[in-house]
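Working notes for the structure below.
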Amino acid sequence: MIQRRNFLRLLSLISYLSIPFTSNSKQSDPWQRSSDIASSFKNLFFFKDIDYPITDFGAQECKVETAEIWISFEKKIKQEKPIKNGFNSCEAINAAIQKCHSNGGGRVVIPSGNWLSNGPIVLLSNVNLHLKKNTKLFFGNNPIDYAKNGAYDCGHNGRLTLSRWEGNDLLNFSPLIYAYDQENIALTGENWTSIIDGQGGVEFENDTDCWWSWKGRNRSAFNDTTEHISNKGRSESHINPNNPEQLSSIVNNLKPEVERFLKGEGDRFRRDPEFLRTLAEAGVPATSRIFGIGHYLRPHLIQFINCNQVLLQNYQTRNSPFWQHNPVHCENLHVDSVFANGTGPNNDGLNPESCSNVLIENCEFNTGDDCIAIESGKGLDTQYGPSKNIVIRHCHMQSGHGGITIGSIMSGGVEKIYVHDVNILNKFWETDPINIAIRIKANMNRGGYVHDVYIKNIKIPNGIRTVPGLYKGLNNNQLTNLGIATNAGAVVTIDCGYDSAADNVRTRPPEISNIEISNIEVGNVRYKNNLASCYQALVILGPIVSDYNGYTSPAPKIHPVKNILIKDCDFGLPINVTNPIYAYNATNVRLENVKIGNKNFNQTIHSVP
């Protein structure tokens with residue numbers, strides 16, 4: 001007999017596979033495809049109508065106090081936080097989830113009030129973890145609490161959890177809310193008063209550092225204030241003495257020339273992010289990439305890996321230690337009416353990674369990094385395949401680095417992306433403007449591909465950042481001083497030279513093709529007594545041949561960005577009136593009825609060196 005959850009999975013799979021073949025589908029119409037994907041979520045989720053209040057398992061409300069806490073790298077406000085030694089309901093919440101799961105599923109209910117979990121919450125199949133309205137679920141900010149109960153005993157590094165950090169697999173501190181290999185799961189609230197708070201900017205006990213100190217920044221973004229989060233030299237940006245000087249001491253049979261290539265020059269590879277990348281490039285298994293205690297890779301607020309039928313709905317996140325949402329290799333993922341309201345360092349709002357059949361709708365983003373970033377693994381960690389069949393609609397971006405972003409962690413590929421009717425509000429344009437509205441970023445390390453991306457009906461009423469973040473090429477290559485706004489200031493950016501200096505291995509040219517963008521409307525704001533919408537309207541920087549550093553032959557073919565269509569758009573008034581468009585190593589870039597300033601563009605661009 002087929003179990004109910006397997007039957008539901010079979011139905012969803014049949015629905016998913018049947019999308020191209022429905023009688024109403026037109027293979028030539030991407031928006032019909034988009035509609036079919038969205039329709040596949042009707043009646044997809046089912047949970048037994050049984051509630052498991054966490055108070056039945058010993059949970060108690062936590063008293064809170066008002067204190068000045070960091071809500072971003074440079075800003076403090078008064079906000080509630082749990083009192084010292086507040087009641088810890090972590091064990092009770094997980095016990096309720098386990099009981100609900102064992103009984104065939106239902107809803108685990110966190111009542112209205114303030115609750116503290118000093119440790120991770122682990123979600124299991126057929127469980128809906130539900131926050132009532134006027135509820136705050138705080139997570140304790142002692143890192144050791146997230147290295148106590150993982151499945152992997154790593155000695156002095158703690159009991160760690162198999163997770164993923166910026167596209168690479170590892171053993172690390174547990175994400176604050178975690179699921180692995182589960183089915184039919186949900187995290188829901190009643191509205192945006194249902195709040196999940198990661199306390200990323202709350203100082204550790206008897207310490208001036210906090211989770212966000214581990215970023216390792218030492219100055220404000222514009223160097224215009226000295227009041228910001230400090231760190232004591234224990235961060236991802238500092239050499240970690242716990243990482244060995246010689247890679248060959250932990251990697252067997254590593255040839256000297258390969259070790260030199262992977263490490264690069266100097267000791268930079270011993271910083272934790274670079275060390276993880278180096279282990280991955282060396283082919284070290286994920287369960288031997290051990291971090292946790294003694295290392296400084298911050299955990300995600302919410303990370304689900306290898307799950308099917310996932311619902312995220314009607315709640316607010318804030319103060320995340322790292323990314324706010326990172327579903328990895330999740331199928332049939334519905335994100336609805338979520339407010340990702342975290343403005344700390346690397347507080348990306350939503351990063352679906354190697355996910356398929358995804359609907360993101362009615363969400364709000366106010367973030368300390370990209371609002372939405374579609375990913376698919378980094379370097380050799382591409383076992384989960386591409387991100388594909390993703391619909392994004394009816395969302396609002398208040399603030400962030402990028403509005404709609406693909407990459408840069410996209411080694412497994414990204415395809416069949418449909419974005420429509422999105423407002424990139426740039427609400428805080430005077431103080432914290434959005435850098436780029438629509439952004440594809442890649443480099444010679446990531447490789448991968450992006451194709452079949454369709455974007456339409458995007459309103460950007462307050463423009464984007466008008467001060468450019470200019471491209472700086474690897475080894476100051478020939479493009480460095482040309483004033484190319486790849487890092488900030490262009491409404492639409494395709495950047496195949498993104499952050500190239502961060503990676504020692506640059507042997508995988510990315511391929512970008514078949515991108516269609518239409519009906520973008522960009523407003524102007526007051527900038528130095530003039531009206532302006534951006535610095536440049538469109539920047540396309542294709543792969544740069546000199547970035548390639550492979551030492552074996554033959555080298556792979558490096559393809560230009562190709563088949564880009566921009567039509568029926570009004571980009572407003574760019575600051576750079578002389579060169580509002582820049583293209584390098586790009587071909588068949590078509591502009592149809594595109595207005596920039598007072599000029600209309602109808603032309604095809606070929607710019608291949």
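Just so you know, these numbers use all the heavy atoms, side chains as well, and skip hydrogens, waters and symmetry mates.
Side-chain N or O atoms of Thr493 include none that pairs as donor or acceptor with a backbone N or O of Asp495 at under 3.5 Å.
Between Trp323 and His300, the two ring planes are perpendicular [angle over 60°; tilted spans 30° to 60°]. Ring geometry for His329 versus Tyr384: interplanar angle under 30°, hence parallel rather than tilted (30 to 60°). Using cut-offs of 30° and 60° on the angle between ring planes, the pair Phe41 and His334 is tilted.
Dense packing is recorded around CD of Gln478, with more than 12 heavy atoms of other residues, nucleotides or ligands lying under 6.0 Å away. Heavy-atom contacts from other residues, nucleotides or ligands closer than 6.0 Å to CG of Asn602 number more than 12.
With no hydrogens or angles considered, a side-chain donor-acceptor pair links Tyr471 and Asn477 at under 3.5 Å. In summary, the side chains of Asp169 and Gln383 do present a donor paired with an acceptor at a separation below 3.5 Å, with no hydrogens or angles considered.
Under 4.0 Å is where a charged nitrogen must lie from a carboxylate oxygen, and between Arg446 and Asp503 at least one such pair does. One finds no salt bridge joining Glu236 and Arg271 here, because no Lys/Arg side-chain nitrogen approaches an Asp/Glu carboxylate oxygen to under 4.0 Å. Remark: Glu361 engages Arg393 in a salt bridge, criterion side-chain N to carboxylate O under 4.0 Å.
Partner of Glu281 under the side-chain hydrogen bond (donor to acceptor under 3.5 Å, both in side chains) criterion, out of Asn445, Thr507, Asn504: Asn445 alone. With Pro327 as the fixed residue, the side chain to side chain contact (heavy atoms under 4.5 Å, CB included) test singles out one of Asn306, Asn351, Leu350, Ile302: Leu350. When Arg164, Arg289, Arg277 are each tested for a salt bridge (charged side-chain N to carboxylate O under 4.0 Å, His left out) with Asp381, only one passes: Arg289.
Side chains of Lys416 and Ile37 form no contact here, defined as non-hydrogen atoms less than 4.5 Å apart.
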